[in-house]
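What you are looking at is a predicted structure, and each value in this text was computed from that prediction instead of being measured. The chain is numbered in sequence order, starting from 1.
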Amino acid sequence: MKYAAIALSAVAAIGLTGCATSTPQAVVVPHASFADASSNEFIKSSREAVSRLVAGLDPSAYSPTLVSTVVDVNDLRQAKPLGRTLSEQYSSALVSSGFVVKELKLRGDVFVRETTGELLLSREVKDIALVHNASTVLVGTYSMASQFTFVNLKLVSVTTGQIIRAHDYALPNNVDVRALMR
């Protein structure tokens, strides 16, 4: 009986040790639905940011507008999928707000690289704006911190370089935001 108890204890100890050294199970994420997509907070936050940026402005006074790729404040020449996605969403929100937005991807006279998107370099912005007959440009930067990614938007006059409006907001560093930062 005494030996059986010792043997049982040894088997239990070996079993527990095996559990402690086993590899962790992968976390299963449920598939997103169309309902989840239609109420996506990422898209809503982009629309809300543009809405706040242009609140009270007469779109005809600031159109046409160009939208530059939003870039990492620490690397202004390199846009990640997050910046390109935000820029696309800002373009849509501006159009929904009544602004005339020129699509830069249809032209070859904008500095474009596969990994960056459309970047409006300061020395070239006036020339690009003349070609597109634009009066304003929407520019933006983001900065990833531990819990949030901070985004800054500016609507800038092309002729004077004056910031007409600016708006700051934050995105939570959730799974989607982190995936777009790769």
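- Here the closest heavy-atom approach between residue N74 and residue S143 is recorded as ND2-OG, 4.4 Å.
- Rounding to the nearest 0.5 angstrom, the gap separating the NE2 atom in H31 from the OG atom in S33 is 11.5 Å.
- Here the CG-OG distance, from L66 to S87, works out to 12.0 Å after rounding to the nearest 0.5 Å.
- The line from CZ of R52 to CG of D168 is 11.5 Å long, rounded to the nearest 0.5 Å.
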Legend entry - Test side chain to side chain contact (heavy atoms under 4.5 Å, CB included) applied to L138 and S68, step by step: CA-CA 6 Å; L138 178 70; S68 178; over 6 Å; no

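- Between the side chain of T136 and the main chain of Y62, a donor-acceptor pair closer than 3.5 Å is present.
- Taking each heavy atom of S97 and P59 in turn, the nearest pair found is O-CG, 3.4 Å.
- Here the side chains of M144 and M181 are in contact, with some heavy-atom distance below 4.5 Å.
- Residues I164 and Y90 fall within the same hydrophobic cluster, defined by Ile, Leu, Val, Met, Phe, Trp and Tyr side chains chained together at heavy-atom separations under 4.5 Å.
- With respect to R84 and E88, no salt bridge is recorded, no charged nitrogen being found less than 4.0 Å from a carboxylate O.
- Here N174 contributes atom CG and F42 contributes atom CZ; the two are 8.5 Å apart, rounded to the nearest 0.5 Å.
- Taking every heavy atom of both residues into account, P172 and V177 meet most closely at O-CG2, 3.3 Å.
- Using modelled atom types, no side-chain atom of N40 and backbone atom of A37 make a donor-acceptor pair closer than 3.5 Å.
- Between H167 and Y169, the two ring planes are parallel [angle under 30°; tilted spans 30° to 60°].
- Within the 4.5 Å cutoff, the side chain of V54 has heavy atoms near those of the F99 side chain.
- Counting only distance, with no hydrogens or angles, the side chain of R178 and the backbone of N173 share a donor-acceptor pair below 3.5 Å.
- Side chains of L153 and V139 form no contact here, defined as non-hydrogen atoms less than 4.5 Å apart.
- T141 places no side-chain N or O within donor-acceptor distance of the main-chain N or O of V71, the cut-off being under 3.5 Å.
- Listed for the T85 side chain is a donor-acceptor partner under 3.5 Å among the backbone atoms of P81.
- In terms of modelled atom types and a separation under 3.5 Å, the side chain of S39 and the main chain of A35 share a donor-acceptor contact.
- Residues I43 and L82 fall into different hydrophobic clusters, defined by Ile, Leu, Val, Met, Phe, Trp and Tyr side chains chained together at heavy-atom separations under 4.5 Å.
- Of the N and O atoms on the side chains of S63 and T65, not one donor lies less than 3.5 Å from an acceptor on the other residue.
- Counting non-hydrogen atoms of neighbouring residues, nucleotides and ligands closer than 6.0 angstrom, the CZ atom of R165 exceeds 12 such neighbours.
- The closest side-chain heavy-atom distance from V73 to N152 is not below 4.5 Å.
- There is a path of hydrophobic side-chain contacts, each under 4.5 Å, that joins I163 to V137.
- In this structure, V70 is a member of the same hydrophobic cluster as V95, with clusters built from ILVMFWY side-chain heavy atoms closer than 4.5 Å.
- When every heavy atom of V101 is checked against every heavy atom of V67, the shortest pair comes out as CG1-CG2, 4.0 Å.
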Inset, instruction - Starting from the C-alpha separation in whole Å, work towards a yes-or-no answer on salt bridge (charged side-chain N to carboxylate O under 4.0 Å, His left out) for K44 and E48. - result: CA-CA 6 Å; K44 285 181 182 180; E48 177 66 23; over 6 Å; no

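- K80 and D72 get closest at one heavy-atom pair: NZ-OD2, 4.0 Å.
- Across every non-hydrogen atom of S45 and L171, the tightest pair is OG-CD2, 3.3 Å.
- Atoms CG and CG, from L53 and L94 in turn, are 7.5 Å apart once rounded to the nearest 0.5 Å.
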